[in-house]
Structure formats: structure tokens, C-alpha cells
Amino acid sequence: MSSPSIIFGAGGQDGFYLREHLLLLGHKVYSFTHHAGVVGSAVDVSDFKSVSNIIKEIKPDYIFHLAARSSTRHEFILENHKAIVDGALSILESADIYAPSARIFLASSGLIFKNTGQPVKEVDEYVTNTAYAMARLEALQIARYYRQRGRNAFVGFLFNHESPLRPTNSVARKISSNVADIHLGLQKTMSIGNVNVVKEWMWAGDATAAMLHLVNQNELFDVCIGDGIGRSVRDYAVACCESVGISLDDYLIEIPDYQAEYSILVSDSDKIRSLGWAPKVDFENVARRMVGSEISSRKSCKA
């Protein structure tokens with residue numbers, strides 16, 4: 001018999017790959033987004049009545065809370081508080097009443113930890129230097145409260161993970177898009193900010209597979225989800241260029257005085273790997289897939 005599973009915030013890249021994983025495992029998946037569409041039905045995850053009615057009716061075995069505006073900018077403070085904090089409270093209280101045995105995953109972020117330039121561990125100091133981090137920390141404490149009530153509440157601190165479904169303004173999409181256009185003769189240069197920033201470039205499908213490893217065990221509850229491998233923006237741009245046989249230095253224009261959000265952000269992946277998880281898509285294949293998707297989309301537009 002299939003396990004009924006709910007994804008709140010199913011409209012982003014993580015929702016897409018998570019749904020694919022769950023369906024392959026035979027789950028009956030119910031997807032919900034802020035705005036109705038082909039991905040799922042509309043629900044305001046901060047609305048307790050709406051969320052509780054959904055959970056009461058479906059009685060899920062698994063619940064995934066992915067809803068958020070992925071931005072640290074202060075202007076989204078209210079939007080993120082509703083999605084991340086009020087959403088976590090609505091989901092966990094509803095599950096507490098109507099699906100007490102459900103296994104619940106809350107997406108969090110590596111950005112809630114103090115960044116010293118070393119691999120980030122689950123025990124590192126927290127920071128509230130952005131409105132986004134503040135919301136994530138509040139949701140973490142909510143999860144821990146319900147865990148004390150006996151609920152299966154898991155929190156994954158996500159680090160950078162990529163796919164062609166990333167927003168077009170992400171550095172990964174900007175670079176792969178530029179490389180595709182250069183390859184197709186549509187432009188002659190590409191501009192990049194600080195090419196020395198180091199972060200992870202994990203495939204999004206591997207990240208969602210890690211979520212499933214986390215919720216299907218009972219030893220670890222708050223875990224960094226990352227591959228623990230740091231590479232620079234330059235490394236990624238080089239890999240993208242090599243995937244189509246060109247040299248980055250022939251086209252690169254560095255943006256002077258560009259201020260990056262951080263110089264390095266890499267996880268310590270020991271805990272998630274201890275659960276038997278390991279990424280399946282390597283760095284070069286991530287770059288190849290990103291550029292290949294951009295090229296395919298341009299060719300399909302011409303057809």
C-alpha cells in the first residue's frame with residue numbers, strides 16, 4: 001500500500017525532485033503551492049485551518065515543509081515569517097492532532113550558522129544576521145518543541161544545490177546560460193562577480209534523496225544536507241565551459257568591487273553520509289546538465 005505524502009511548497013526545484021523520488025518509491029503524493037498550477041493545489045501554509053483540513057483528510061505518513069522565499073533580503077521578512085515560521089507551526093500542530101505518527105521534514109538553511117570559513121557543523125553557533133536566518137531559527141525551535149511532544153520532526157540545514165529549475169538570477173543559472181549563449185554564438189563575453197567565492201554545487205536531486213534518508217531513520221534529527229565539497233565560482237564556470245569545449249578565460253569579464261554575501265559556505269557532511277547517503281551526480285555532470293538544459297531550451301524555442 002502506498003504511503004500518502006504531502007509536500008508543502010512543492011513549486012520549487014526541491015519540490016519537483018522530491019516528488020519524483022517519492023513517486024518512484026510508490027508514495028501517493030499530494031502537492032501544494034502558494035499559487036495553484038500544474039504542480040499542485042493552492043494553499044496558504046500559514047493558515048492553520050486550511051493546513052489542518054488537508055492533514056486531517058489525507059492522514060499522511062510523510063509531510064515535507066519546503067515553502068519559503070529563498071532570499072535573505074529584509075524586504076521579504078513578513079513573507080518568509082508566514083511561510084517558514086507560521087507554516088511550520090500550522091503543519092506541526094495539525095500533525096500533532098491529526099497525524100501524530102507522520103514523519104515531518106522541515107527545510108532549513110546552512111545560513112543560520114556562524115560562518116568562520118570552516119566546514120559548518122550541526123553544533124556550530126547560530127546567527128540572526130538576516131531576516132531569513134531569524135525565520136529559519138524560529139522554525140527550528142518549533143520543530144524541537146514538537147519533538148518533545150513525541151512528534152517525528154526532522155530538520156535539514158540545506159547548503160547550495162543546483163538544477164536547471166533554479167531561478168534565472170542564481171549564479172549557477174547565470175553562468176550556464178551565458179556559456180550556452182556563447183556556444184550558440186549569441187554572445188561573446190560573460191560577466192561574473194567574485195569568482196573566488198567557494199560553495200557547494202550539489203545536484204538538487206541528491207539533496208532531496210538526502211531528505212528521505214533523514215526522515216526514514218530515528219537516530220539523527222537536525223542534520224546538514226550538503227556534499228561537503230567546496231569549489232569556487234571559477235571552478236564551476238570552467239566546468240561549464242569545458243562541457244562545450246571552450247575556455248573560460250577567452251570570454252570572462254570580472255565585475256570590479258563585487259561584494260559577495262560570503263567568501264565560503266561549505267558543510268560538514270559526516271552526519272548525513274553516516275545514514276548511507278552519498279551524492280550520485282558529480283560536479284562535472286552537474287555543470288554538463290546545467291549547460292545542456294540551457295542549450296536544449298534555446299533550440300526548442302527555435303523549433
Requested in this report: Look at atom CD of Gln259 and say whether more than 12 heavy atoms of other residues, nucleotides or ligands are closer to it than 6.0 Å.
Outcome: no
Requested in this report: For Ser170, enumerate each residue passing the side-chain contact (heavy atoms from CB on, under 4.5 Å) test, keeping only those at least two apart in sequence or located in another chain.
Outcome: Arg166, Ala172, Arg173
Query raised in the report: Given the rule that I, L, V, M, F, W and Y join up when any side-chain heavy atoms are under 4.5 Å apart, are Ile97 and Val45 in one cluster?
Result: yes
**Report entry** Exceeds 12 heavy-atom contacts within 6.0 angstrom, atom OH of Tyr126
**Finding:** yes
Query raised in the report: Would you find more than 12 non-hydrogen atoms of other residues, nucleotides or ligands less than 6.0 Å from Glu57 atom CD?
Result: no
Query raised in the report: Is the NZ atom of Lys59 crowded by more than 12 outside heavy atoms at less than 6.0 Å?
Result: yes
Query - Residues that Asp44 engages under side-chain contact (heavy atoms from CB on, under 4.5 Å), provided they are two or more places apart - result: Ser46, Asp47, Lys82
Report task. Please check if the side chain of Arg234 supplies one atom and the backbone of Val195 the other of a donor-acceptor pair under 3.5 Å. Result -> no
**Report entry** Inter-residue atom distance Ile272.CD1 - Leu275.CG, 0.5 Å rounding
**Finding:** 5.0 Å
Query raised in the report: Quick one: are Asp235 and Val238 in side-chain contact, heavy atoms under 4.5 Å?
Result: no
Requested in this report: Just grab all the side chain to side chain donor-acceptor pair (under 3.5 Å) pairs involving residues 184-193, residues at least two apart or on different chains.
Outcome: Asn178-Gln187
Query raised in the report: Between Tyr17 and Asp206, is any pair of side-chain heavy atoms under 4.5 Å apart?
Result: no
Query raised in the report: Any side-chain donor paired with an acceptor under 3.5 Å for Arg298 and Ser177?
Result: yes
Requested in this report: Check whether any side-chain N or O of Glu200 sits under 3.5 Å from a backbone N or O of Val266 as a donor-acceptor pair, and report yes or no.
Outcome: no
Query raised in the report: If you measure from the Lys or Arg side-chain nitrogens to the Asp or Glu carboxylate oxygens, is any gap between Arg144 and Asp222 under 4.0 Å?
Result: yes
Query raised in the report: Any sub-3.5 Å donor-acceptor pair from Glu284's side-chain atoms to Glu242's backbone N or O?
Result: no
Query - Sidechain N-carboxylate O distance under 4.0 Å for Arg288, Asp282 - result: no
Query - Listed partners of Tyr236 passing ring pair (Phe, Tyr, Trp, His ring centres under 6.0 Å), at least two apart - result: Trp201
Tabulate below the donor-acceptor pairs under 3.5 Å that side-chain atoms of residues 105-115 make, not counting sequence neighbours, or state none.
unit_1 : atom_1 : unit_2 : atom_2 : d
Ser109 : OG     : Leu111 : N      : 3.0
Asn115 : OD1    : Gly117 : N      : 3.0
Asn115 : ND2    : Ile264 : O      : 2.6

Query - Inter- and intrachain pairs under salt bridge (Lys or Arg N to Asp or Glu O under 4.0 Å), touching residues 5-26, at least two apart - result: none
